[in-house]
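Have a look at the structure below before the remarks.
Only this structure's heavy atoms are used, side chains among them; waters, hydrogens and symmetry mates stay out.
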Amino acid sequence: MREIRSTEIMVAAGARELRDRETVVVGIGLPQIACFLAKSTHAPNLTPLLEIGVANMRPKDTPVGLADSRIFYRATCWSGFLDVMGMNLHRGVVDTGFLGALEVDRYGNINTTLSKENGKVRYFNGSAGGNDVASLAKRVITIMRHEKRKLPIAVAHLTSPGYVGGRPRAELGLRGGGPHRIITDKCAIGFNKETHQAMLLSLHPGTSLEDVLANTGFALEVPKSVATTPLPTAEELRLLREEIDPKSVYLGGVG
Amino acid sequence: MREIRSTEIMVAAGARELRDRETVVVGIGLPQIACFLAKSTHAPNLTPLLEIGVANMRPKDTPVGLADSRIFYRATCWSGFLDVMGMNLHRGVVDTGFLGALEVDRYGNINTTLSKENGKVRYFNGSAGGNDVASLAKRVITIMRHEKRKLPIAVAHLTSPGYVGGRPRAELGLRGGGPHRIITDKCAIGFNKETHQAMLLSLHPGTSLEDVLANTGFALEVPKSVATTPLPTAEELRLLREEIDPKSVYLGGVG
Amino acid sequence: MPEVVASVPNGAHIGLGGFAIARNVIAIAHELIRQNKHDLTVSQGVAGLDTDLLVGAGLVRRLIIGGGSLDRFGPVHNINRAREQGSLTFEDWTSLSLCFRYLAGALGLSFIPIKSLIASEILERLEQGSGAGEVARIACPFTGEPYVAMRALVPDIAFIHVQKADEEGNCRIDGPRWENEEQAKAAKRLVIIAEEIVPTEAFQREPERTIIPAHRVEAVVHLPWAAHPTAVYGSYDYDGAHLKLYVEHSKRPERIGDYINAYIRGTKDHREYLEKIGGEAHLASLKADPELGY
Amino acid sequence: MPEVVASVPNGAHIGLGGFAIARNVIAIAHELIRQNKHDLTVSQGVAGLDTDLLVGAGLVRRLIIGGGSLDRFGPVHNINRAREQGSLTFEDWTSLSLCFRYLAGALGLSFIPIKSLIASEILERLEQGSGAGEVARIACPFTGEPYVAMRALVPDIAFIHVQKADEEGNCRIDGPRWENEEQAKAAKRLVIIAEEIVPTEAFQREPERTIIPAHRVEAVVHLPWAAHPTAVYGSYDYDGAHLKLYVEHSKRPERIGDYINAYIRGTKDHREYLEKIGGEAHLASLKADPELGY
């Protein structure tokens, strides 16, 4: 069997955060891959929703994005933003929002709008449904590559709120429960219930604590005991490699 | 040919108030009959809407009400309140609201909620879409039997506003244009642009001014010249009697 | 089905999906009566036979409706009489205002503005009665235009009759849908009464037609003819003879009890009720013509 | 079609119905460019190739979008570059907030509240920029809960690509509909671009599937492949090769003009454009499999 890639560990770790019978709004890319892995394993009754108006799709071909007809193949409902984002997410019945990000900071604030390097601003895709999901889902999982510049002390643009300024969500006027996990290709991060700051939960096999800390832009809280993230099972690997992303459209991203 | 009934004159007069290419929200009963007559004659491109979520129906059997599947046969769109009443009526694109009533007063206020006789209150159907239509349509036509108690100085319950207290609609905070016509089995009534009070427009053939005044509960303004309502044409009568209401479900009401 | 109805607490707010004499949740109303539920709040856009029955049987403490009618069969006599006697708390709205209130509930907005109700006695009575906490006169923060703000309407449990559902709860509604979607998605719990159960495959073939997706549905009750004597487009027509019989009873306070005893308390379940009203032979006469839908 | 586009005044606010690389109104965007329209305001939930083209060609003065993407083919380079250069007025929203703003427009509400945007830099930038008059921090009149009130969004004219319409304007949309219905019904004028014209009879057979009824539609343009190189579910797939070619041009400011000259200004109409990109033979390779829809 091919060596296990860090993206595969990351995606399997993301999948395990999803629970059966949940309703999940998924962004395109790794969140979607993780969601399908969960649905094919421990969470067969999970309902994935796409912001464009899709419930419970079962794609057979890997899509290039949310606007690709492949993503909504064999869904049981096609509607629109108003239903998925309004009557589910804003209604408060979405258990998990599963997002990608350009940057996430120690309070779980997400930036998908712009980067600032040497004073130069570069714009990216903006929020789309990201702000809505981060504001309104009961809990938010972010999945992204672990790089120092992608995990800064404070995001260059606060597109989607986490625990802004370390404040509790209710105090911010937000309804959704806020950041729950950041899953990277090096580790799984949670949030301290008191301080609302990012806190290491588990290291992926093959990653050292030093590696994580050296590649994190903020002071990551490290509890006394840090678990090791379980490796993907043989069945999870088979599903990812043969069924969910056979062409490594998404899993090929990180070595 | 059978003698022309006053309901037939009334319905034909109501139909002539509708213009081709208009969008009309119709209540059940005489408004609906008048609307189909208009659509079969001078207004083939009129779009009738029903509050329950129906556009452009073409019934072949006479329905007993809005909830009767006969009414929405061969419609081109089935939706719901939100589309018809929200995205059309509240959106401001409905030209005419065409209603029945228990009572209408001199300012065109409509009561469909209750009657008060000798201090005893009796309740009826309430507003349903009536208040919405009266509040929001560009103009409102009411069609009803001409009886003194049904045309009082002030309605016993102001279910749906006309020119409340004789005030202009904008001053009332209302968007729709308000009362345009009251069509009865004796005459057609309009509204004085200055005073917003009911004003006789035309007498149906066979009805005297005295008859109208004696059977109107408020002081009806009578202009110098009062026209005579045209009789239904032979074709209009044929359509009403043979196609639109062959069993006289609605046209039989008044002698 | 009895279990689902048993799970409705006394005092609960139930939303019913029928309109006048179409797609009423009659079997649910019957079972609520058989189980002697009480102090219910009922909300419905335009009340029909189901709500009239619940009021006639004395189960309802508070009624939130936009109107009520049995079309040309008559008014909702039990409801109107209860109002005249002041035997329940009554909130009078309009079709659109109730739809907007359910929409707000469905969207998770605690309020929604509207341009109906203004300058009407409906609004005045709401402000002076039990609806006082449900309406507020406000101005648009941008234009200054006057609106009535209404509080979201969120039933504890909604019962909606649909033509087709799958076992997971995906629902299709044929014909007009009045405020069904908004009410269903506003409610905290949602129970579907389905005329027919179809395979999930049918929803995957035409996902555009799914009005309520499965994950919002707590239970699907498969119960053909559950709306009798009201009509279900594409399935059966209203039962005119039975509606007349109902109105004959409901218009006289001393007779509605006879109806309830004979047809509801005197029958064990919906199957016995259907036998009582004439059984298979009678029902066959109501079946819809596939082309006409009635 | 040129006449419909000619009727768009310079400075108008146009709403576009596409999403990223699906159902974009490409032929309309091309014709707007050919006719040298300018100072347009463009609004769209998630901007795609059509809006990126309009910005790249310099037609847009103000952009109101919830995001922008060409999916894995790349970002909307022209839009992002215009922001970096400050060459247009930009309002950054979110998918749901724009949908709610169109919904308010469709419902004739001058404002609507939302629980998104709160505590974000998106809101702060709107308040400090050209969006200042479009947002207000308010409290629910019943619960006191904080909301952002947003002004209704009402395009002067919306262009929506649909799979099927009849000659009167009734429209069916297959696949997800993002904010199409709300945008279409909010707009003062509505133009439909239809992949296929079907008889009205088809709508009378399945009236539940009519998303936009005829009386709301000003004009129907029957123009197959009008969304190329973006995808139309059930009709054709996105054209990956052409999208790559587009992104190659759009990511370099000195090259986008070449694309516009070659494919838009260098072609008289959509038929010539389709010839230019490979004609019938190439298009045949994009046709959707009827079972898959792509």
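Using a 4.5 Å cut-off between non-hydrogen atoms, the part of residues 128-136 of chain A that approaches chain D consists of Ala128(A), Gly129(A), Asn131(A), Asp132(A), Ser135(A), Leu136(A). Proximity to chain D at a heavy-atom threshold of 4.5 Å picks out Ala156(A), His157(A), Leu158(A), Thr159(A), Pro161(A), Val164(A) from residues 147-166 of chain A, in numerical order. For a heavy-atom cut-off of 4.5 Å, chain D lies close to Lys60(A), Asp61(A), Val64(A), Gly65(A), Leu66(A), Ala67(A) in residues 57-67 of chain A. For residues 46-54 of chain D, heavy-atom neighbours of chain A at less than 4.5 Å comprise Val46(D), sorted by residue number.
The parts of Arg122(A) that come within reach of chain D are both its backbone and its side chain, each placing non-hydrogen atoms under 4.5 angstrom from that chain. Contact of Asp237(D) with chain A is made through the side chain alone, with heavy-atom distances under 4.5 Å. Contacts of Tyr102(D) with chain A are absent, with no heavy-atom separation under 4.5 Å from either backbone or side chain. Interface remark: Glu145(D) contributes side-chain atoms only to the contact with chain A (heavy atom separation under 4.5 Å). The contact between Leu292(D) and chain A is made by backbone and side chain atoms together, counting heavy-atom distances below 4.5 Å. Residue contact with chain A, scored on non-hydrogen atoms closer than 4.5 Å, involves the side chain of Arg125(D) exclusively. Heavy atoms of Tyr233(D) lying under 4.5 Å from chain A belong to its backbone as well as its side chain. The part of Glu182(D) that comes within reach of chain A is its side chain, from C-beta onward, which places non-hydrogen atoms under 4.5 angstrom from that chain. Contacts between Glu291(D) and chain A at a heavy-atom distance below 4.5 Å involve backbone atoms as well as side-chain atoms. Proximity to chain D is limited to the side chain of Leu114(A), based on heavy atoms less than 4.5 angstrom apart. Neither the backbone nor the side chain of Ile211(D) has a heavy atom closer than 4.5 Å to any heavy atom of chain A.
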Do Asn111(A) and Lys116(A) pass the side-chain hydrogen bond (donor to acceptor under 3.5 Å, both in side chains) test, and can you show the C-alpha distance, the side-chain angles, and the key distance before you say yes or no? CA-CA 11 Å; Asn111(A) 171 21; Lys116(A) 283 181 189 163; over 6 Å; no
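Ranking Pro176(D), Pro75(D), Gly45(D) against chain A, the residue ahead of the rest is Pro176(D), based on heavy-atom pairs under 4.5 Å. Taking Ala22(D), Ala231(D), Gly68(D) one by one and counting their heavy-atom pairs under 4.5 Å with chain A, the maximum is reached by Gly68(D). Comparing Ser69(D), Ser97(D), Gly234(D) by how many heavy-atom pairs each has under 4.5 Å with chain A, the most go to Ser69(D).
The ring pair (Phe, Tyr, Trp, His ring centres under 6.0 Å) test with Tyr238(D) is passed by exactly one of Phe19(D), Phe73(D), Tyr294(D), Tyr246(D): Phe73(D).
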